[in-house]
K.L.:
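The following block contains the structure, expressed as structure tokens.
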Amino acid sequence: MNSQPVLSLEDVEVHFENKPGLLDFGADPETVRAVDGVSLDIAERDVVSLIGESGCGKTTLGKACIGLQRPTGGTVRYRGDDMWAVRDGTTNTDTEWADIRTSLQIIHQDPGASLNPNRRLISILSEPLRQVNPELSKGEKRERIYSLLEHVGMNPAADFAERYPHQLSGGEQQRVALCRALLMNPDVILADEAISALDVSLRVEMMDLMLDLQEEFDTSYVFISHDLSNARYFTEHGDGRIGVMYLGQLVETGPAEQLINDPKHPYTEVLRWATPDLSLEQSGELPMRKIDIPDPVNPPSGCRFHTRCPEAREVCARDQPADYRLGDQRAACFRHDETHEYWDSPELTD
Amino acid sequence: MKPTESDTEFSFETSRSDIEVTWKQRLGDFYREFIYKPGLVAWSDNRTRLGALLMLVYVLMGTVGVVYYRAPTSNQSPRGVQPFQTTEALLGTTGSGIDILAMIIHATPPMLIMVLSGGLFATTLAVTFGTVAGYKGGVTDRALTTFADIAMSIPGLPLIMVLAIVFSPTNPAIIGILLTINYWAGLARAIRSQILTLREESYVEASRTLGVSTWRILVKDIIPNIMPYVLVNFANAARFVVFTSVGLYYLGILPTSVANWGVQLDQAYRNAGALTGAGTLYQLVFPMLAIMLIALALILLAQGMDRVFNPRVRTRLAGESRSTDGDDTEAVSTTEVLN
Amino acid sequence: MATDDPIIRMRNASVTYDHGESYVLDDVSLDVERNEILGIVGESGSGKSMLASAMLDAVPDPGLLEGSITYVPESGSKVDILELDKPGLRSLRWEEVSMVFQGAMSSFNPTMEVGDHFRETIQAHDMDLESGMDRAHELLEDLYLEPERVLNSYPHELSGGMQQRALIALSLVLDPELLVMDEPTAALDLLMQRSILILLRELQEKYDLTMIFITHDLPLVAALADRMAIMYAFKLVEIAPTREIVEHASHPYTRALLNSTPNLDASLEEMQPIEGSSPAPINLPGGCAYHPRCPLATEECRTTVPEFERTADGHVAACHHTDEAVDRIPLNYEELLREDTLGPDGDRA
């Protein structure tokens with residue numbers, strides 16, 4: 001098996017500029033630093049979950065991984081080739097943009113919106129086959145579609161294939177979106193909050209299905225979720241890693257069980273506290289110093305979490321921590337450097 | 001693509017054996033999809049039914065009527081006959097003995113051609129401009145929109161009048177295009193706005209991710225979802241052609257050699273003094289009815305047709321199955337569950 | 001289930017459509033205890049939102065609401081909600097019973113500043129503007145918002161979490177006794193959800209409120225609620241104090257629900273989805289509505305609608321087989337429960 005990662009993100013930045021309006025004379029354009037220096041590798045048949053609050057940049061990072069969002073800084077490599085250089089035609093590799101494009105697919109959050117309401121399933125699902133297997137006849141395409149539909153539990157396939165999206169339940173719609181992605185035979189599928197819109201009792205079923213098919217279609221997942229429990233289930237069963245994002249940066253990565261049971265970054269601990277579980281610990285206090293996330297246009301200096309971190313000290317407001325490697329886990333927090341001046345720095349209180 | 005295939009590769013075998021699609025099946029599918037089901041939906045609505053019937057009358061007049069009914073000439077019947085007096089001239093005759101019904105019938109084909117050509121021209125141009133500009137964005141958008149803006153800013157009626165006087169067109173198809181020479185621009189802008197919204201839909205992004213070409217996305221994903229809007233605007237363009245042509249013929253700006261209801265109106269007003277109580281009002285009323293009813297037919301058809309493009313209505317009327325028992329998605333209001 | 005000091009007494013409330021053809025609320029009887037936090041849990045389509053609407057007599061036409069719903073204020077005589085006329089309802093809503101709907105974003109008028117919403121509400125109920133705005137300031141501070149900044153902003157200028165908190169403040173500005181919330185945290189982040197729960201608990205203590213929290217997310221509301229009521233197919237199936245539900249749920253559906261939600265403490269292997277799906281209003285199964293999906297279903301379940309049975313103090317469940325449920329449907333976090341009650345050494349903690 002190839003040891004080169006399928007996708008490699010090197011110091012990727014995605015900055016959005018909000019141009020000032022007509023009446024804001026002389027105002028500088030505001031830059032939202034949605035992704036601000038993230039490096040990440042995704043291997044073959046890997047599972048990487050990205051969790052964080054809204055506005056942390058996980059969706060933008062996910063789209064940057066699969067080539068739907070062009071980074072404003074850094075490089076995204078597909079099997080060693082700079083993706084966007086291939087697109088621009090400025091490299092001399094054999095890989096073509098079309099091949100890259102078809103290998104990276106997406107499943108959206110809202111199943112109803114991700115399927116064209118005016119097309120029947122058979123038409124929607126023929127589209128990927130047209131892209132990657134144009135040599136198939138109409139009948140052969142139909143056969144593949146029916147078999148995949150049966151495999152995901154939509155029986156009788158012929159009946160389902162003739163339906164429009166609105167004739168399906170939400171769970172079925174999402175399974176169709178999964179089929180569409182898989183028919184491309186992709187290397188990586190971005191599941192952007194793919195289970196968040198489903199009923200709670202269906203989420204496990206959908207995640208199981210995605211992992212079952214991972215083996216057969218030889219694909220990796222980038223799983224975006226705001227829910228730590230779901231990310232934990234998916235990542236652990238997929239033998240992957242969770243990446244915790246805060247304001248555009250990866251603050252901790254590691255295998256699911258380790259990350260949850262032994263979090264190395266204060267933010268991960270806060271996320272864990274916030275995840276509802278049935279242990280009924282009535283800790284009625286907020287562990288963060290502030291409830292609201294800082295404005296991404298103006299992120300805090302130094303370590304971005306310092307404004308809310310319960311362990312923050314003065315040095316955290318000044319310097320940005322590096323990525324400390326701790327076995328399988330990585331965390332960006334000074335607390336893992338025993339000799340750092342963090343330990344002599346006064347606490348931050350407000 | 002992938003350097004290695006896994007051993008547990010997904011096998012695309014299925015239990016069914018009759019997957020092969022014969023050409024007979026394809027024909028049947030085509031019929032069901034594009035004729036039968038849309039027809040069902042169209043017929044289910046009273047408005048469309050009425051509109052379709054009215055339109056049918058006009059089409060019959062314009063095709064069969066002109067063949068079997070006599071052409072209008074002077075002195076074909078006694079002069080100045082009131083309507084519903086004789087079977088020979090059912091709607092009466094003019095002062096020169098011309099059969100009014102004949103005039104109406106024989107003015108229909110040019111009108112239909114004008115409406116069709118003008119409507120198609122305006123709508124096609126508007127859809128092309130609007131979708132390409134809206135979807136592509138950037139420089140293409142700016143260039144196309146500027147062009148449409150210029151077309152829109154030129155005053156329509158004076159332009160049409162000038163062109164009509166200069167070129168004196170007699171071919172109805174050309175007249176139709178001339179009349180909508182800058183009508184399409186406003187529509188193009190409106191369609192562009194619709195496209196700007198549709199472009200951001202998840203399923204469009206999904207198609208882009210699949211690597212589908214821009215052309216195919218426009219044709220398969222975007223345009224079908226603006227069809228209701230396009231149809232209504234086609235009907236509006238058609239009505240615009242009807243009224244403008246009638247007006248211009250009435251004013252004599254378009255050559256009166258072509259049979260047209262507007263010409264009839266003008267003659268009724270000027271020659272027969274229809275509004276002066278000389279008992280010739282009927283010469284004005286019947287062409288007017290012809291104009292009104294075709295406009296009505298167009299509106300009704302457009303309103304009814306937008307249901308055809310709604311997949312929910314199509315499948316409900318065709319009795320197709322659906323997954324019932326409540327939605328699986330969150331945030332569904334209880335009233336939605338009842339549908 | 002009756003309580004000692006109810007603030008709301010609901011008896012046999014039903015909402016039907018099509019002249020009784022389909023039920024979206026089926027014979028619900030419930031007491032809401034004063035100053036408690038009650039969690040109503042159900043999947044989408046279970047009727048939980050309709051229950052809230054019924055409480056305020058706000059069932060959309062052409063639904064027909066029957067039964068009796070009584071509001072018992074702190075002082076003063078009982079009010080029969082269904083008998084109230086329009087002015088009566090108006091003064092009941094917002095002044096006595098306030099409701100926060102799903103999706104804060106759409107509750108605000110995007111063209112009005114947040115402060116104007118407060119002013120409008122206060123004036124619409126003929127209250128004193130100055131004292132009302134003072135109260136607004138206080139509430140916003142309780143909710144960790146900067147009053148001046150928030151009141152002078154348009155809704156879209158605030159983040160989702162801020163909007164939701166501003167909406168909660170708005171619903172409390174007229175000092176109601178009861179606050180009903182329908183999925184108030186659904187669209188929000190994890191941290192914000194949990195933070196708002198804590199804030200709600202603080203508000204409840206400070207202002208002596210009774211709260212009803214409606215959601216599909218059982219673990220979420222378990223951290224806040226004193227008692228929980230579980231709904232399935234438009235009926236109440238189980239009502240009990242939260243700890244009872246978490247540790248000794250007696251209805252098979254509740255136990256299945258507890259098992260199907262991924263949570264951090266359960267062992268991974270034992271998370272199981274519930275087979276099947278919830279029924280539609282016109283397609284209710286006979287007898288116990290859950291019987292097609294229930295592993296304990298017998299002939300009795302198919303024919304007879306179960307009554308509420310008392311399984312413990314303050315704990316009722318509508319099932320013919322409550323005694324078997326605990327044994328035959330194990331919970332996937334039982335190890336954790338044993339640790340909690342027994343302590344790590346196995347002795348009572």
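Each chain gets a letter, A, B and so on, in the order its sequence line appears, and its residues count up from 1.
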K.L.:
List the atom of B/Lys220, the atom of A/Asn116, and the distance in Å for their closest heavy-atom pair.
P.N.:
O-ND2, 3.2 Å

K.L.:
Between A/Ser114, A/Pro156, A/Ala181, who has the most heavy-atom pairs with chain B when the cutoff is under 4.5 Å?
P.N.:
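Ranked by heavy-atom pairs under 4.5 Å with chain B, first place is A/Ser114.
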
K.L.:
Which region of A/Glu162, side chain (C-beta onward) or backbone (N, CA, C, O), has a non-hydrogen atom less than 4.5 Å from a non-hydrogen atom of chain B, or is it both or neither?
P.N.:
backbone

K.L.:
Counting only heavy atoms not in A/Asp94 (residues, nucleotides, ligands), do more than 12 fall under 6.0 Å from its CG?
P.N.:
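No, the 6.0 Å shell around CG holds no more than 12 heavy atoms from other groups.
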
K.L.:
Which atoms of A/Gln105 are under 4.5 Å from chain B, going by heavy atoms: the side chain, the backbone, both sets, or neither?
P.N.:
both

K.L.:
Where does A/Ala113 contact chain B at under 4.5 Å (heavy atoms): side chain, backbone, both or neither?
P.N.:
both

K.L.:
Take atom CZ in B/Arg216; do more than 12 heavy atoms of anything else shown fall under 6.0 Å from it?
P.N.:
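Correct, the count exceeds 12.
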
K.L.:
State the CD1-CG distance between B/Ile223 and A/Asn118, to the nearest 0.5 angstrom.
P.N.:
12.0 Å

K.L.:
So with a 6.0 Å cut-off around CG of A/Asp212, is the heavy-atom count from everything else above 12?
P.N.:
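It does: A/Asp212 CG has more than 12 such atoms within range.
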
K.L.:
In Å and rounded to the nearest 0.5 Å, what is the CG to CG distance from A/Leu183 to B/Leu210?
P.N.:
9.5 Å

K.L.:
Taking side chain as everything from C-beta outward and backbone as N, CA, C, O, which of these in A/Lys63 sits under 4.5 Å from a heavy atom of chain B? Side chain, backbone, both or neither.
P.N.:
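The side chain, not the backbone.
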
K.L.:
Please identify, among B/Met227, B/Glu205, B/Glu201, the residue contributing the most non-hydrogen atom pairs under 4.5 Å to chain A.
P.N.:
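Looking at each option in turn, the highest pair count goes to B/Glu205.
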
K.L.:
Based on non-hydrogen pairs under 4.5 Å, which of A/Ile66, A/Leu68, A/Val6 is most in contact with chain B?
P.N.:
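Of the options given, most contacts go to A/Leu68.
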
K.L.:
Heavy-atom distances under 4.5 Å only: say whether A/Leu115 touches chain B with side chain, backbone, both or neither.
P.N.:
backbone

K.L.:
Would you mind checking which part of B/Arg208 comes under 4.5 Å of any heavy atom in chain A, side chain (CB onward), backbone (N, CA, C, O), both or neither?
P.N.:
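When you check distances to chain A, only backbone atoms of B/Arg208 fall under 4.5 Å.
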
K.L.:
Side chain, backbone, both or neither: which part of A/Leu104 has an atom under 4.5 Å from a heavy atom of chain B?
P.N.:
backbone

K.L.:
For A/Ser123, is it the side chain, the backbone, both, or neither that has a heavy atom closer than 4.5 Å to a heavy atom of chain B?
P.N.:
side chain

